[in-house]
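Just so you know, these numbers use all the heavy atoms, side chains as well, and skip hydrogens, waters and symmetry mates.
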There are 2 protein chains.
Amino acid sequence: MADVDYCVVGAGFAGLTAALRLKQAGRSVALLEARDRVGGRTFTVTRDDGSWIDRGGAWVGPGQDRIHALMDEFGVPEYKQNHDGDAMMIVDGKKHRYGGTIPWSMSPWAVTNLGVGLTVLEEMCKAVPRESPWEAKKADEWDRISLAEWIEKNSLSKQAREMLDMALAGTYTSAASETSLLWMLTQMGSGGGPGFVIGGKGGAQDARPVGGMGAIYRPMAAELVDALHLSQPVQQISQDADGVTVSAADVTVRARRVIVAIPLAIATSIVYEPALPVDRAFLHQRMPSGAVIKVSVIYDEPFWRADGFSGQSSSPNSPATLTIDACTDTADPGIMCIITEGPAARRLTKLDEAERKAVFIGELVDRFGSKAKTPLELHEQNWTVERYSGGGMIGHAPTGVLTQFGYTLRPPCGRVHWAGTESSAVMCGWIDGAVRSGERAASEVMAAETAAVS
Amino acid sequence: MADVDYCVVGAGFAGLTAALRLKQAGRSVALLEARDRVGGRTFTVTRDDGSWIDRGGAWVGPGQDRIHALMDEFGVPEYKQNHDGDAMMIVDGKKHRYGGTIPWSMSPWAVTNLGVGLTVLEEMCKAVPRESPWEAKKADEWDRISLAEWIEKNSLSKQAREMLDMALAGTYTSAASETSLLWMLTQMGSGGGPGFVIGGKGGAQDARPVGGMGAIYRPMAAELVDALHLSQPVQQISQDADGVTVSAADVTVRARRVIVAIPLAIATSIVYEPALPVDRAFLHQRMPSGAVIKVSVIYDEPFWRADGFSGQSSSPNSPATLTIDACTDTADPGIMCIITEGPAARRLTKLDEAERKAVFIGELVDRFGSKAKTPLELHEQNWTVERYSGGGMIGHAPTGVLTQFGYTLRPPCGRVHWAGTESSAVMCGWIDGAVRSGERAASEVMAAETAAVS
């Protein structure tokens with residue numbers, strides 16, 4: 001039985017940050033993690049040659065001040081994502097090669113429509129209050145329909161529809177029919193709108209930490225080495241008048257308060273005593289995770305760059321929904337990343353590993369030529385089947401959930417506090433949002449302490 | 001370690017039926033139930049005077065052949081639900097007293113619109129294939145929007161909208177914005193359409209078993225007494241080439257196959273080894289339960305009958321969404337039942353028991369006069385907070401779920417078979433559907449056995 005000031009459940013960026021801030025404030029902490037590693041939905045593997053692969057969350061962008069603050073704290077510089085060269089979009093088997101964000105070689109009809117769609121969405125995002133999207137003037141209207149319905153009613157061409165579907169629903173790694181329009185506006189709005197999400201340069205894929213995300217989470221974990229318990233899935237959280245008892249496989253923690261920093265989709269796996277207030281318990285049943293496979297393919301060199309490609313390509317509904325250059329700052333070796341999302345990722349999960357590998361390489365050869373045929377290595381991370389993520393990349397709210405249950409995302413339930421990127425009103429769904437949520441939760445428990453004393 | 005032919009998880013009507021049919025076919029069975037009682041989402045309490053209260057599911061209706069077969073098997077007669085007298089609908093504080101299904105004292109505009117809405121829905125239900133709703137011609141279109149969106153776009157008056165909302169969304173004990181239109185059509189269609197659901201006489205509230213549901217499930221449990229293990233929440237199901245190992249709190253069962261007959265919303269609480277196929281695992285994250293409180297108020301006599309009331313009343317969004325006469329076949333004592341659903345039930349859950357009691361009695365006095373003021377007893381069953389139901393009455397599919405994941409509702413995952421009313425293509429959501437699902441699953445495991453032998 002460990003007896004500490006505070007317990008933190010989950011050692012992804014949200015939990016690591018919460019525990020770190022508490023320790024830095026002089027509090028004793030126990031940090032329980034179900035996996036045998038820290039990092040949560042980020043996971044950096046370092047190769048023998050010093051290059052690294054981010055098998056999960058990887059990018060940072062402007063406005064993500066809190067992850068940048070952590071990078072400064074631990075002396076981790078960033079480097080710019082490669083955006084030089086042409087991108088590619090494949091629709092109905094036809095390749096459109098283009099510079100910039102929008103594939104201008106598509107039909108003018110499609111491009112115009114796409115541009116109009118994004119402009120309208122930017123304005124809608126601005127109409128959603130960050131802290132309380134359920135109070136938007138049109139909250140009910142926007143939470144009654146799925147993103148798919150909005151796209152259907154606002155796309156005048158099949159091409160524009162497919163691209164909007166991929167660019168928007170892709171973020172939730174689910175079918176567009178599964179996601180509430182209001183959720184999409186809330187999540188994208190929390191990062192500044194669809195321009196930030198879709199834009200690479202100056203957007204959500206602007207830069208990466210040198211050394212990968214592990215260069216940040218490893219020193220955080222090192223500072224928390226005495227607090228950290230790995231391979232300890234939490235089974236029960238009991239609260240009473242004086243504190244909480246958190247029971248994991250081999251360790252029990254007694255603390256004044258607990259911060260739960262795990263994905264909503266797996267928050268149901270913990271038994272809460274007494275039961276959580278019903279609206280919060282129901283939220284746990286109602287924010288599922290999506291499906292995503294991230295594949296890193298290692299080559300001698302980034303040959304696509306020499307051929308004038310940025311490495312970025314998109315092909316809606318294909319087994320390689322997106323590709324993106326994932327080289328380190330030295331561009332040696334060449335690392336090409338495939339991100340397959342939603343229904344396509346679920347279909348691929350039914351194949352065996354060798355079949356998937358053949359499919360992935362086939363897609364790369366089709367897009368970037370025969371040099372893609374002979375990689376040195378292929379690293380596949382299927383977040384879809386990760387028990388302790390419940391899927392990937394992030395949770396989403398189906399229709400009706402934000403307006404009915406959204407208000408429970410942040411407020412504590414007695415001595416149980418909540419963190420995790422989905423609970424962040426700013427940069428919700430990004431690593432920066434996770435960091436913000438951890439800092440908020442750490443402040444909350446300490447504020448409660450002050451309130452109790454005064 | 002119990003070693004049996006088959007293990008069944010969950011002793012509601014689905015699990016009880018599966019276990020019973022297997023035993024009757026000469027197979028050995030272990031039946032594991034998390035609660036300290038059988039019945040699942042039905043729960044009959046017998047009073048000292050021999051009268052009974054159905055604290056959960058209570059009614060049977062025409063077309064529900066399989067629950068009727070069980071009643072015949074155990075010699076349980078039925079009696080008709082009282083529909084004599086006027087019903088009442090309260091909209092904006094105004095009481096509309098009426099005979100029949102539709103409150104004709106409402107504005108002709110509202111009534112016409114309501115009637116048209118129901119007629120349209122009847123036709124739409126017919127266009128949904130029972131076994132494969134995701135193959136309906138308009139499946140994508142209907143699964144992209146919530147029931148709330150359909151009501152909004154198809155109601156020409158506020159009164160009609162409120163009544164449609166209550167009558168339709170009420171079935172799912174959730175906000176109409178949470179439920180997919182396709183799910184609603186599928187579920188209602190499985191019972192014959194909205195006429196069956198809304199209609200009392202000749203519909204889903206046509207009759208009740210004498211003695212309540214317990215008169216059926218108790219003799220079923222008695223036949224299974226050697227197989228039944230109460231208070232055994234299942235923690236893990238492991239399958240291998242030869243069979244399954246089912247681990248509960250104090251008992252481990254080894255069997256050839258297992259039938260899981262628990263609500264989808266709590267199916268995530270079991271660890272499956274190896275992990276379930278991703279689409280089925282994701283289904284478990286995506287079919288939440290709703291909120292419902294059922295209150296039985298006991299009076300000396302059914303005084304409302306003498307006053308010309310049937311006992312049936314409805315008041316959208318009020319703390320007593322519905323009331324209905326719940327007397328036994330002798331009509332002695334008087335039993336009035338309040339069913340509060342969805343957001344209203346969740347709001348009530350935040351009050352304490354005494355506050356809720358005052359609210360309930362206040363509603364009855366308002367509708368049925370001062371005689372309602374002095375009940376003999378009040379029995380409250382809040383399914384919303386039942387850990388081993390995950391809520392009530394049934395699970396629902398949000399938008400996008402049936403078209404993406406619906407196909408996983410019935411097929412087994414290796415040696416793990418699925419039962420539960422939500423998996424029934426006929427009478428989905430009713431007790432009859434649970435019985436059908438149990439019989440289907442029992443047939444499945446025995447058919448697999450034959451296939452293995454031949």
Side-chain angles (χ1 to χ4, degrees), chain A residues 140-141 143-153 174-180 182 233 235 264-266 268-269 271-272 275-279 281-291 342-343 345-347 349-350 382 384-387 390-391 395 397-405, chain B residues 140-141 143-153 174-180 182 233 235 264-266 268-269 271-272 275-279 281-291 342-343 345-347 349-350 382 384-387 390-391 395 397-405:
Chain A
D140 286 342
E141 184 181 331
D143 207 28
R144 266 200 317 256
I145 62 168
S146 66
L147 174 54
E149 173 72 4
W150 187 87
I151 292 174
E152 181 66 29
K153 293 283 154 49
S174 292
S177 58
E178 291 182 67
T179 306
S180 155
L182 181 63
Q235 293 154 348
L264 286 151
I266 57 167
T268 46
S269 61
V271 174
Y272 303 86
L276 295 174
V278 63
D279 284 3
F282 275 21
L283 181 78
H284 292 178
Q285 291 183 7
R286 284 161 167 81
M287 283 195 64
S289 293
R346 292 192 282 109
R347 284 193 298 272
T349 300
K350 295 173 186 168
N382 191 351
T384 320
V385 296
E386 284 275 319
R387 169 170 300 162
T399 65
V401 173
L402 271 185
T403 43
Q404 294 290 320
F405 306 95
Chain B
D140 287 340
E141 185 181 330
D143 207 28
R144 266 200 316 257
I145 63 168
S146 66
L147 174 53
E149 173 73 2
W150 187 87
I151 292 175
E152 181 67 29
K153 292 282 153 51
S174 293
S177 56
E178 290 181 68
T179 305
S180 155
L182 181 63
Q235 294 153 347
L264 286 152
I266 57 168
T268 45
S269 61
V271 173
Y272 303 86
L276 295 173
V278 62
D279 284 2
F282 274 22
L283 182 77
H284 293 179
Q285 292 183 7
R286 283 160 169 80
M287 283 194 64
S289 293
R346 292 191 283 110
R347 282 193 298 271
T349 300
K350 295 174 188 171
N382 191 352
T384 319
V385 296
E386 285 274 319
R387 170 169 299 162
T399 64
V401 172
L402 271 185
T403 43
Q404 293 289 321
F405 305 95

Task: Contacting moiety of A/Pro277, where chain B heavy atoms sit under 4.5 Å - done: neither
- [ ] Would you check if A/Lys350 and B/Val278 make a side-chain contact, meaning some heavy-atom pair closer than 4.5 Å?
- [x] no
Open item on the list: Below 4.5 Å, heavy-atom pairs only: which of B/Pro398, B/Ala176, B/Ala148 has the largest tally toward chain A?
Closed with: B/Ala148
- [ ] Output yes when a side-chain donor or acceptor of A/Ser177 lies under 3.5 Å from a complementary backbone atom of B/Thr399, and no otherwise.
- [x] no
Task: Selection from A/Ser269, A/Ser289, A/Ala265 maximising heavy-atom pairs under 4.5 Å formed with chain B - done: A/Ser289
Task: Heavy-atom pair count under 4.5 Å with chain B, highest-scoring of A/Asp279, A/Val385, A/Thr349 - done: A/Asp279
Open item on the list: Quick check on A/Ala291 against chain B: is it the side chain, the backbone, both or neither that has a heavy atom closer than 4.5 Å?
Closed with: both
Task: Interatomic distance, B/Glu149 atom CD to A/Ile145 atom CD1 [nearest 0.5 angstrom] - done: 5.5 Å
TODO: State, with a plain yes or no, whether a side-chain heavy atom of B/Ser174 is found less than 4.5 Å away from one of A/Arg286.
DONE: yes
- [ ] Please state whether the side chain, the backbone, both or neither of A/Ser180 comes within less than 4.5 Å of a heavy atom of chain B.
- [x] neither
Task: Beyond-backbone contact of A/Arg144 with B/Leu147, side-chain heavy atoms, under 4.5 angstrom - done: no
- [ ] Start with the C-alpha distance between B/Glu152 and A/Glu141, add both sets of side-chain angles, then the distance that settles side chain to side chain contact (heavy atoms under 4.5 Å, CB included), and finish with yes or no.
- [x] CA-CA 9 Å; B/Glu152 181 67 29; A/Glu141 184 181 331; over 6 Å; no
TODO: Could you list the residues that satisfy side chain to side chain contact (heavy atoms under 4.5 Å, CB included) with B/Leu276, not counting sequence neighbours?
DONE: B/Tyr272, B/Arg280, B/Ala281, B/His284, B/Cys413, B/Trp418
Task: Straight-line distance of B/Glu178 CD to A/Phe405 CZ, nearest 0.5 Å - done: 4.5 Å
- [ ] Report the option among A/Ala345, A/Gly290, A/Pro343 that has the most heavy-atom pairs separated by less than 4.5 Å from atoms of chain B.
- [x] A/Gly290
- [ ] Mind checking side chain to side chain donor-acceptor pair (under 3.5 Å) for B/Gln285 and listing every partner two or more places apart, or none if nothing turns up?
- [x] none
TODO: Give, as side chain, backbone, both or neither, the part of B/Thr384 having an atom under 4.5 angstrom from any heavy atom of chain A.
DONE: both
Open item on the list: At a 4.5 Å cut-off on heavy atoms, which part of A/Thr268 comes close to chain B: side chain, backbone, both, or neither?
Closed with: side chain
